[in-house]
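Written out below as structure tokens is the structure these notes cover.
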Amino acid sequence: MSKVRVRFAPSPTGPLHIGGLRTALYNYLFAKKMGGTFILRIEDTDRSRYVEGAEKYILEALKWSGLELDESIEKEGDFGPYRQSDRKAMYEKYAEELVSNGHAYYAFDTPEELAKMREDLKTKEDPNPKYNYVTRGNMKNSLSLSEDELKAMIDNGTPYIIRLKVEPGEQIQFSDIVRGEVTFSSNELDDKVLMKTDKMPTYHMANIVDDHFMEISHVIRGEEWLPSTPTHVLLYRYLGWEDTMPQFCHLPLILKPDGKGKLSKRYGAKMGVPVFPLEWKDKEDLFIGFREGGFLPEAMINFLAFLGWNPGTEQEIFTPGDLIQAFELERINKSGARFDIEKARWFNQQYIMQTSDAELAKLVRPYVEAEGHQPTDDYLQKVCGLMKERFEVLTDFWENSRYFFEEVSSYDNEKIIRKRWKPENRKKMQDLKSTINRLSNFTGENIEAHVKKFIEEKELSFGEVLPFIRLAVSGTTKGASVFEMMSVLGEDEVAKRLARGFEDFDKIKENA
RNA sequence: GCUCCGGUAGCCAAAUUGGUUAAGGCACCUGCCUUUCGAGCAGACAAUUGCGGGUUCGAAUCCCGUCCGGAGUACCA
């Protein structure tokens, strides 16, 4: 087989959706696995839908996700330009070639005339009449018009489009890597528009010309393209490029969590769930991103890879490098996968646990600094070591770990204080406070031994002591090991917090 | 409507391509461990493979029918 060259071809009409990112990912994985080339091509042929900033967003999202491009608008290879608006002349040339070969024709119908035709021909059996071999004879085009009429139209500068002339009665078969052999009857196809009145190509035209000249070997794209693939096959055939036609691989859709329909932009905004890699703001909406949601790119990629593919083994955690090794187009699923953010969070937690304390400290630092604290690297790393299996997303770090950085201002479980705090034990507890910071080595182990000995000597129970130490030190009844926590905080801070805590507990008890 | 594509526990899914009791993970629940939470370990719950026929010694896998879901049906991609 010749060299693998694949492309990701988004249109800059908004932020890159998670489904698009998955398409990019599969292209990337396949290219890397095969030692091939991963290309970004910007499909900006619809000027009315062009969105400022979308191109930049796409590039940034790919970069954050770690999908490195071999050729793109920023890194031109030998097959440029990589933006369709810069390749305009080529499309025109080949569209005209199709017209002169009799495989395409000019059409002059106005949008109103088109609408009228569809309205007139609409029946309940056929609610969407096609512009095809049945209807084109009644429309205004170079097939139906007389030579004089045609010449007049053109001389007048009447705007026209170019349509593909699809011959009826043909079976169009192609092989899809995930679906197998797929067959369509040409009778079902319509005469797709190839060139618009503004001389820009449609997706169909641009796609085939570009894929051919960019020597694309595999077209890996979403399932929504499956129905237009026969048109594309015809285009390759009529252009004389069928022998180098790329292989098709249509990916299953990513569905909403309820399984009804494609995952949409709106869904994410509505449910407060990220469906974009990066945050995107426009006038009306704010779409949250995985990055801002506290996800690690590797975890998101791992999650995404499994949305429509699996290695067939029991392994679930794959670094990007592992994914490249294991990935196979043949193992892509046929059915759509529901988007389950819970699973994404699970993947993220797995990755957080795997991350080294030093690395994690770097990731978490911005969240701590946003709260106005500047801990040393050493301190932050220790906290990370204690907390790393206790949060799923980076954004939860602060809430779970704040007591390491600022003093306790409230207690999340006053009920236990009211119920089980015994003021008569207060005197004994004071002893703990005053002896604990005299420990020679303030390690978790030593503290634990000391506290246990203390409980024994004073004839107290664990339940009378431990929850209250925890509460006094952290303000919460959950979290890392109390002793380790105290060790990280340091003897002075601990003594201070115990004193303050015991006082507060008395007050709470009194007011109960 | 029509065309195409799907359908394995609540969710993601495996099943060496027709071969013994239909993997595994997520979620949920229980136990152990920590007198906390999480993590980890052990376990439990959960599927007449959408449904009905057929072929076969044998069907999730092949055939026919049927139902449900999705995509497409634009001078959007």
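Because the structure is predicted, anything quoted here is derived from the model rather than measured. Note on naming: letters A, B, ... go to the chains in the order of the sequence lines (proteins, then strands), and numbering restarts at 1 for each one. Below, all heavy atoms of this structure are taken into account, side chains as well, without hydrogens, waters or symmetry copies.
- When heavy atoms are screened at a 4.0 angstrom cut-off, A/A480 is found touching base atoms of the nucleic acid.
- For the 3.5 Å distance criterion, the side chains of A/S144 and A/N141 qualify, holding a donor opposite an acceptor.
- No donor-acceptor pair closer than 3.5 Å links the side chain of A/D191 to the backbone N or O of A/K165.
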Using a cutoff of under 3.5 Å, can you pull out all pairs of nitrogen or oxygen atoms linking the protein to nucleotides 61-65 of chain B, with atom names and distances?
none

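- The shortest non-hydrogen separation linking A/R497 to A/V473 is NH1-O, 2.7 Å.
- Summarising the geometry, the separation between CZ on A/R163 and C1' on B/rC75 is reported as 8 Å, rounded to the nearest angstrom.
- If you check residues 463-476 of chain A against RNA chain B, the residues with a heavy atom closer than 4.0 Å are A/G463, A/R470, listed by number.
- A gap of 13 Å separates the P atoms of B/rA60 and B/rG18, to the nearest Å.
- As rounded to whole Å, 12 Å separates atom C1' of B/rC26 from atom CD of A/Q349.
- Judged by Watson-Crick or G-U wobble contacts below 3.5 Å, the nucleotide B/rA9 has no partner.
- Base-pair partner of B/rA22: not found among the strands shown (Watson-Crick or G-U wobble, both distances under 3.5 Å).
- A salt bridge (charged side-chain N to carboxylate O under 4.0 Å, His left out) with A/E464 holds for exactly one of A/K419, A/K422, A/R420; it is A/K422.
- A side-chain donor-acceptor contact under 3.5 Å links A/N348 to the backbone of A/G294.
- The two residues A/Y82 and A/I73 have their closest heavy-atom pair at O-CG2, 3.7 Å.
- Between A/W346 and A/E316, the closest heavy-atom pair is CH2-OE1, 3.7 Å.
- Taking 4.0 angstrom as the limit, A/T229 places none of its side-chain polar atoms (N or O) nearer than this to OP1 or OP2 of B/rC4.
- Base pairing of B/rG43: its partner is B/rC29, meeting the Watson-Crick or G-U wobble criterion (both donor-acceptor distances under 3.5 Å).
- Nucleotides B/rC62 and B/rA74 place their C1' atoms 40 Å apart, quoted to the nearest Å.
- Separating the C1' atom of B/rA46 from that of B/rG24 is a span of 15 Å, rounded to the nearest Å.
- Across all strands shown, B/rU35 forms no Watson-Crick or G-U wobble pair with both distances under 3.5 Å.
- Residues A/Y26 and A/F327 place their aromatic rings such that the two centres sit under 6.0 Å apart.
- Checking B/rA60 for Watson-Crick or G-U wobble geometry (two distances, each under 3.5 Å) identifies no partner in any strand.
- You'll find that the side chain of A/D46 is closest to B/rC76, out of B/rU36, B/rC76, B/rG70.
- None of A/F391, A/F347, A/F290 except one satisfies the ring pair (Phe, Tyr, Trp, His ring centres under 6.0 Å) rule with A/F295; the exception is A/F290.
- With A/Y133 as the aromatic partner, A/R136 does not meet the cation-pi criteria of under 6.0 angstrom to the ring centre and within 45 degrees of the ring axis.
- The CZ-C1' distance, from A/R345 to B/rA39, rounds to 16 Å in whole Å.
- A/D126 meets the side chain to side chain contact (heavy atoms under 4.5 Å, CB included) test with A/T123, A/P129; sequence neighbours excluded.
- Of the residues near RNA chain B, A/R420 and A/G261, the one whose nearest nucleotide (by heavy atom distance) lies more toward the 5' end is A/R420.
- Considering only side-chain atoms of A/P227, the nucleotide from B/rG72, B/rC37, B/rC75 that sits closest is B/rG72.
- Out of B/rC75, B/rG1, B/rG6, the shortest distance to the side chain of A/S335 is found at B/rG6.
- Per the geometry, CD belonging to A/E389 stands 11 Å off P belonging to B/rG38, to the nearest Å.
- Nucleotides B/rU8 and B/rG69 place their P atoms 14 Å apart, quoted to the nearest Å.
- Distance, A/Q171 CD to B/rU3 C1': 12 Å, rounded to whole Å.
- Pairing for B/rU3 is with B/rA71, a Watson-Crick or G-U wobble pair whose two hydrogen-bonding atom distances lie under 3.5 Å.
- Here B/rU34 presents its P atom at 19 Å from CD1 of A/I447, a figure rounded to the nearest Å.
- The gap from the C1' atom of B/rA9 to that of B/rC28 amounts to 13 Å, rounded to the nearest Å.
- B/rA14 and B/rU49 have their C1' atoms separated by 13 Å, with the value rounded to a whole Å.
- Atom pair A/K122:NZ and B/rG1:P shows a separation of 15 Å (rounding to whole Å applied).
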Using a 4.0 Å heavy-atom cut-off to protein, can you give one letter per nucleotide of nucleotides 14-25 of chain B, 5' to 3': B if the base is in contact, S if only the sugar-phosphate is, - if neither?
SS-------SSB
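- Every residue two or more places apart in sequence or in another chain that forms a side chain to side chain donor-acceptor pair (under 3.5 Å) with A/D322 is listed here: A/T319.
- As rounded to whole Å, 10 Å separates atom P of B/rA13 from atom CZ of A/R338.
- Across B/rC68 and B/rC32, the matching C1' atoms stand 45 Å from one another, rounded to whole Å.
- With a glycosidic angle no more than 90° from 0, B/rU17 adopts the syn conformation.
- Scanning residues 176-194 of chain A for heavy-atom distances under 4.0 Å to RNA chain B yields A/R179, A/V182, A/T183, A/F184, A/E188, A/V193.
- Taking the P atom of each, B/rC67 and B/rU21 are spaced 33 Å apart, rounded to whole Å.
- Not one side-chain nitrogen or oxygen of A/K262 sits closer than 4.0 Å to the OP1 or OP2 atom of B/rA77.
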